[in-house]
Trainee: 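Mind looking over this structure? Questions follow.
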Amino acid sequence: MSGHRPSVDSMFLSARHMAHKVVAGILTGMGRDGAEGMRALREAGAKTIGQSKETCVVFGMPRVAGELGGVEKWADLDKFGQEILQLAETPIGVRAE
């Protein structure tokens with residue numbers, strides 16, 4: 001998909017049918033792989049998180065995902081795991097601050 005193999009977009013899109021149970025994260029990387037899938041997941045009800053610009057080596061994939069509306073919450077890399085767990089514990093229908 002989009003010239004990537006494996007493809008983050010393909011992985012994210014495969015989880016749309018269960019988005020209400022998904023917490024998806026996107027980390028540093030070049031290009032836009034994962035951006036469309038992240039947007040689709042968020043629109044379907046998933047909770048989403050992107051790595052902050054300040055802690056990315058390359059702010060490509062997270063930036064594009066954010067521009068498309070796919071990132072609900074931003075976090076520094078050293079807090080990423082903690083933020084994912086917090087989102088996972090948040091009741092369905094409650095969005096991140």
Trainee: Atom CG in L77, atom CG in L27: separation rounded to 0.5 Å?
Mentor: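 Atom-to-atom, L77:CG and L27:CG are 6.5 Å apart.
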Trainee: Considering all heavy atoms of both residues, which atom of G37 and which atom of D9 are nearest to each other, and what is their separation?
Mentor: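 Heavy-atom minimum between the residues: N-OD1, 2.6 Å.
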Trainee: Taking C-beta and beyond as the side chain, do M61 and M30 meet within less than 4.5 Å on heavy atoms?
Mentor: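 Answer no - side chains too far apart.
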Trainee: What distance separates M38 CE from I49 CD1, expressed to the nearest 0.5 Å?
Mentor: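 Taking CE in M38 and CD1 in I49, the distance rounds to 8.5 Å.
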Trainee: Going by the rule side-chain hydrogen bond (donor to acceptor under 3.5 Å, both in side chains), which residues pair with S14 if we only count those two or more places apart in sequence or in a different chain?
Mentor: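 Here no residue qualifies.
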Trainee: Are I26 and V22 co-members of a hydrophobic cluster defined by side-chain heavy atoms under 4.5 Å apart?
Mentor: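 Yes, because V22 and I26 connect within a single hydrophobic cluster, where side-chain heavy atoms sit under 4.5 Å apart.
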Trainee: Return the NZ to CD1 distance between K79 and I84, rounded to the nearest 0.5 Å.
Mentor: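 Spacing of NZ (K79) from CD1 (I84) equals 14.0 Å.
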Trainee: Distance from L68 atom CG to R42 atom CZ, nearest 0.5 Å?
Mentor: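 Rounded to the nearest 0.5 Å, the CG-CZ separation comes out at 11.5 Å.
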Trainee: List the steps and the verdict of side chain to side chain contact (heavy atoms under 4.5 Å, CB included) for K73 and E83.
Mentor: CA-CA 9 Å; K73 186 172 189 175; E83 295 292 340; 2.6 Å; yes
Trainee: Could you give the distance from CD (E54) to CZ (F59), rounded to the nearest 0.5 Å?
Mentor: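 Separation between the atoms: 7.5 Å.
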Trainee: Is there a side-chain contact between S7 and D33, using heavy atoms and a 4.5 Å cut-off?
Mentor: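 With C-beta onward as the side chain, the pair touches.
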Trainee: What pair of heavy atoms forms the shortest contact from A75 to T55, and how long is it?
Mentor: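 Closest approach of A75 to T55: O-OG1, 4.3 Å.
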Trainee: Kindly give the heavy-atom pair with the smallest separation between T48 and G70, and that separation in Å.
Mentor: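 Closest heavy-atom pair between T48 and G70: OG1-O, 2.6 Å.
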Trainee: Give me the atom names and distance for the closest heavy-atom approach of A40 to L13.
Mentor: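 Shortest heavy-atom contact: CB-CD2, 3.6 Å.
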Trainee: With heavy-atom distances below 4.5 Å as the criterion, would you say the side chains of E72 and K47 are in contact?
Mentor: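 Result yes, sub-4.5 Å side-chain heavy-atom pair found.
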Trainee: Taking side chain as C-beta onward, heavy atoms only, is F80 less than 4.5 Å from S52?
Mentor: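 In short, these two side chains do not touch, never coming nearer than 4.5 Å.
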Trainee: Is the backbone of V57 close enough, under 3.5 Å, to the side chain of T28 for a donor and an acceptor to pair up by distance?
Mentor: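 Present.
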Trainee: In Å and rounded to the nearest 0.5 Å, what is the NE2 to CZ distance from H20 to R16?
Mentor: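 So the NE2 of H20 and the CZ of R16 are separated by 15.0 Å.
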Trainee: Going by the rule salt bridge (charged side-chain N to carboxylate O under 4.0 Å, His left out), which residues pair with E36 if we only count those two or more places apart in sequence or in a different chain?
Mentor: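 By the salt bridge (charged side-chain N to carboxylate O under 4.0 Å, His left out) rule, E36 matches R32, R39.
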